[in-house]
Amino acid sequence: MGSNLQESPLKLAFSDIESARQLFGEHNDHLHRIAEALQVQINTRGETVIVDGDPIAAALAGKTLEQLYGLIQGGYPVYPNDIDYALRVLSADDQAQLKDIFLDTVYITAKKRAITPKSPTQKAYIDAMRRSDIVFGIGPAGTGKTYLAMAMAVSALQKGTVDRIILTRPAVEAGEALGFLPGDLTEKVDPYLRPLYDALHDMMRFEKATSLMQRGVIEVAPIAFMRGRTLNDAFIILDEAQNTTSEQMKMFLTRLGYNSKAVVTGDITQIDLPAAKSSGLIEASKILRSISAIQFVFFTHTDVVRHRLVQDIIQAYEKKEKSPSPGDAPA
């Protein structure tokens, strides 16, 4: 790609017509998305893009377009949400290289969609899972903690580096008192494990996932089912770990057997335990931090990969929690 940069307006020439078309988006939707986010004006003349507005914002728009163009030429299909992720990454660090993040393919789903990290923290999380046998992913909802762990697990199973996947989470506000619920045991616990099923079915066809579960190659169960077991040759994911008790967390972590990996995910701002119980996730993050072979990765609202409003919602709640309400002020 050749680019001719001027102070104002900024001009970028993209020589590959097909790549430029993908970069601009249908009806120039990608360009409109960048212009709206950065409050700049973006126009096109053929394959040339003209960016006008605040010099800093225009430079960021130009850098974003150049790097996205490079991704497209590297075979990466840019979707509208990728525009948001790219802007977020480059706004935080204008020296960041999107190709080092977006082109790190973790897994290709049954629908031929590539699962890749979308932020530097997600990339660090993926790398941590590759290097370490126990990884903690801690942060708010929507940051890809469980989804990326699931992608790594399915990838490991397909490559034959593990023989099975075990997915677990606390049920019914971290307890296992399920007797009052109607139905058999499966019907009682399934609603609490549903997010794990959803992620799994997003990775592979329903029929294949069902077959693997029937054969015990993939197991989805509440954490109480882990007690007394030794889990060898497995990729184990403990989800919603903020709702484990100290005893449950210790029990889970000591199940790890030979050639196994464990990934623990949770959001310490959404603890449902009774007031008298302390979170096993919070305790583990304090007790185990000094063990170098255990990796801790902390996500923030900037890593949210759901609807763009989710990031704003998390930020608003974080702001409220940090500032006392009028009712909290001393009389």
**Student:** Does the E47 side chain pair with the main chain of F14, one donor and one acceptor, at a distance under 3.5 Å?
**Tutor:**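 No; zero donor-acceptor contacts below 3.5 Å.
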
**Student:** Taking only residues two or more places apart in sequence or in another chain, which ones pass ring pair (Phe, Tyr, Trp, His ring centres under 6.0 Å) with Y76?
**Tutor:** F102

**Student:** Verify the cluster assignment for Y79 and L87: are they in a single hydrophobic cluster under the rule of side-chain heavy atoms below 4.5 Å apart?
**Tutor:** no

**Student:** In Å, rounded to the nearest 0.5 Å, how long is the span from CD1 of I42 to CZ of R33?
**Tutor:**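 Here the rounded value is 13.0 Å.
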
**Student:** Taking side-chain hydrogen bond (donor to acceptor under 3.5 Å, both in side chains) as the criterion, tell me which of D84, N81, D82, D303 meets it with K118.
**Tutor:** D82

**Student:** Can you tell me which residue pairs pass the ring-ring contact (aromatic ring centres under 6.0 Å, His included) test with a partner in residues 113-161, sequence neighbours excluded?
**Tutor:** Y125-F299, F136-F296

**Student:** If you look at every heavy atom in Q122 and T143, which pair is closest and at what distance?
**Tutor:**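 Taking Q122 first and T143 second, the nearest heavy atoms are NE2-O, 2.8 Å.
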
**Student:** Tell me, please, which residues at least two apart from F235 pass ring pair (Phe, Tyr, Trp, His ring centres under 6.0 Å).
**Tutor:** none

**Student:** Is it the case that Q242 and S279 place a side-chain donor and acceptor less than 3.5 Å from each other?
**Tutor:** no

**Student:** From L60 CG over to L10 CG, what is the distance, rounded to the nearest 0.5 angstrom?
**Tutor:** 11.0 Å

**Student:** Check this for me, if you would: do D100 and K123 make a salt bridge, where the nitrogen-to-carboxylate-oxygen distance has to be below 4.0 angstrom?
**Tutor:**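 Salt bridge absent between D100 and K123.
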
**Student:** Does one side chain, of T302 or T300, offer a donor that lies under 3.5 Å from an acceptor on the other?
**Tutor:** yes

**Student:** Between the side chains of T265 and T146, does any donor sit under 3.5 Å from an acceptor?
**Tutor:** yes

